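Below: one structure, written as structure tokens.
Just so we're on the same page: letters track the sequence lines, and every chain starts at 1. Keep in mind that this is a model prediction, so the values were computed, not measured.
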Amino acid sequence: MSPVLLIARRELRGYLRTMTGWIIAASVLLIDGLLFNAFALEGSRRSTEVLTRFFYFASGPTMVAAIFLAMRLLAEERQLGTLPLLYASPVRDRDIVLGKFLGAVAFLSGVTLATVYMPLLILVHGQISLGHLLAGYLGLLLLGSASLGLGTLGSSLARSQIIAAILGAALLVSLLVAWLLASVTEPPFSKLFAAIALHNAHFPPFQSGQVHLRDVAYYLLVTWVALFATTRVLEARRWQ
Amino acid sequence: MIQVEQLSKYYGARAAIRNLSFRIDSGEVVGFLGLNGAGKTTTLRILGCVLLPTSGTVRLDGQDLLSAPRQLKARIGFLPETPPLYEDMTVGEYLAFVAGLRGVDPARIPARVGETEERTGLAAIDAERISTLSHGFRQRVGVAQALVHAPEVLLLDEPANGLDPVQNVEMRALVRSLRGDHTVLVSSHILPEIAQTCDRLLVVRDGELVAQGSEAELQERLGVGTGVELEIAGPVEAVASALRNVPGVRAVAVQMVAPDRAVLRVDAPDALRPALAQAALAAGAQLFRLDVSADRLESLFLKLTGRGASA
């Protein structure tokens, strides 16, 4: 097994064996369920609107869960003194980062996909398109992946998991509120801020059942940039 | 096998180590001695590829450890000062994970884990979670992770740190048992601990190498007096007189430690210990203990670490 998969498997087991993983999973399912019941199902709506609102409301808990899942990835290693084990092994720094990220992605994907019973409940009284369902979940996974990437970068910058979560959340919120900056700045900055807004600019098509290559590329790019920066932070730590 | 040249590491303006140069041959067990903060951990972290130096080179069989670390890392086993343990894993799972990480053939991993557990005395706790282990066992698991991929070089940073006397003896025996199979560099700030375990000592002070050699060589070079202690019962003065007559004995000091028990401190080379025992017994002594003087090791340590003047 490659070092990346070994590290990813260890990380995934770590979530499954500690209370943290289960608490995050339970919280996401609870909040998604409450939001679905209170807002997506309220009033008389067409099935496709209900599904769109479900994905809209599920995106928030997904981003928050990603930050909480990512906060331990590298900060905990530093806190417990286990980072030298990885540094001293014949593994590249990028493999360490990728393995840890993939473990967290696997857990977050499992939690996200466990919400599928909610959209399926729409089938009791209505109809949904499989394409809409798949596009919505693809959007949630891409948004979760980008948020995990930012959280991983935050985790590499701190020794304390709380500080790591704060840093990850700060990076995430910076990209989330970019659309606000777009409304108060002039071109070309307004266009730039509008284009990099994490949720407003790129998630709505997914929640409506549309997959645009530019949105997929955007989330993958945010993920890649965050993981690349994390790798550079790990490399820099060897000099300290 | 390991050649360190002009190795320096600065944290800001502060030098943790300065122009450190030494060589360790294949199969040697070398002790790295120094007070806390002397630069032992920094050096071991550089040799273990955890930290990069500010300047200098480290070569393993002629290959530069710093420019091609991945190929060479698999040949090194490193136990940091705090054992790097994942609390949620069992001992067996953890060692299998580390073996996989260090490139052991997957088909060989169960066998390697089993062999390592046998060697380090962990076989009985293979299924125990690491979070439930005592400090002594955690140190053993730390040594086991450094050994599990059968590396040629072992770097052990204070392996006996915080162990009780029994665990300390066990750890020393474990390190001694590695002789021959591995080249070992073991750090400590306790001289008697590594003097018993190592072939040679490297002594660092304030980031610089101040001495190297065997314990006897260092004693001779630093002019630390030799000494043997005997604890006896019986005719104390007659025994003291008999000891003074043994060729090579320079002086004998008597200290009564109980009405019928005395400690005789003999200024004589180690090699005279059999002759001293024979002389004491011939003079009618009951011999309770014969040992190298504890004062002597202490004195040597204080001189080596630069605290001799204040002692």
**Message:** Rounded at 0.5 Å granularity, tell me how far CZ in B:Phe97 sits from CZ in A:Arg13.
**Reply:** 10.0 Å
**Prompt:** Looking at B:Glu93, B:Glu87, B:Gln71, which has the largest count of heavy-atom pairs under 4.5 Å with chain A?
**Reply:** B:Glu93
**Prompt:** More than 12 heavy atoms of other residues, nucleotides or ligands under 6.0 Å from CZ of A:Phe68: is that the case?
**Reply:** no
**Asked** Which atoms form the tightest heavy-atom contact between B:Tyr94 and A:Leu85, and what is the distance?
**Response** OH-CD1, 3.9 Å
**Asked** OG1/A:Thr82 to CD/B:Gln145 distance, rounded to the nearest 0.5 angstrom?
**Response** 11.0 Å
**Asked** Top residue by heavy-atom pair count (under 4.5 Å) with chain A, among B:Leu51, B:Leu155, B:Leu101?
**Response** B:Leu101
**Item:** Residue A:Leu83 versus chain B: region with a heavy atom under 4.5 Å
**Value:** neither
**Prompt:** Is the side chain of A:Arg238 donor-acceptor paired with the backbone N or O of B:Cys49 at a distance under 3.5 Å, no angle test?
**Reply:** yes
**Residue pair A:Ser89 / B:Lys73, side-chain heavy-atom distance below 4.5 Å** = no
**Asked** More than 12 non-hydrogen atoms from neighbouring residues, nucleotides or ligands closer than 6.0 Å to OH on A:Tyr56, yes or no?
**Response** no
**Asked** Looking at B:Pro84 and A:Gly81, what are the two nearest heavy atoms and their distance?
**Response** CB-O, 3.6 Å
**Request:** Would you mind checking which part of B:Arg129 comes under 4.5 Å of any heavy atom in chain A, side chain (CB onward), backbone (N, CA, C, O), both or neither?
**Result:** side chain
**Prompt:** Among B:Asp157, B:Val50, B:Leu44, whose side chain to side chain contact (heavy atoms under 4.5 Å, CB included) with A:Pro84 holds?
**Reply:** B:Val50
**Request:** Identify which of A:Arg17, A:Glu77, A:Glu76, A:Arg237 forms the greatest number of heavy-atom pairs closer than 4.5 Å to chain B.
**Result:** A:Arg17
**Message:** Can you give me the closest heavy-atom contact between A:Trp239 and B:Pro53, atom names plus distance?
**Reply:** CZ3-O, 3.3 Å
**A:Arg10 vs B:Asp88 side-chain heavy atoms within contact, under 4.5 Å** = yes
**Item:** Which atoms of A:Arg9 approach chain B - backbone, side chain, both or neither, heavy atom under 4.5 Å
**Value:** neither
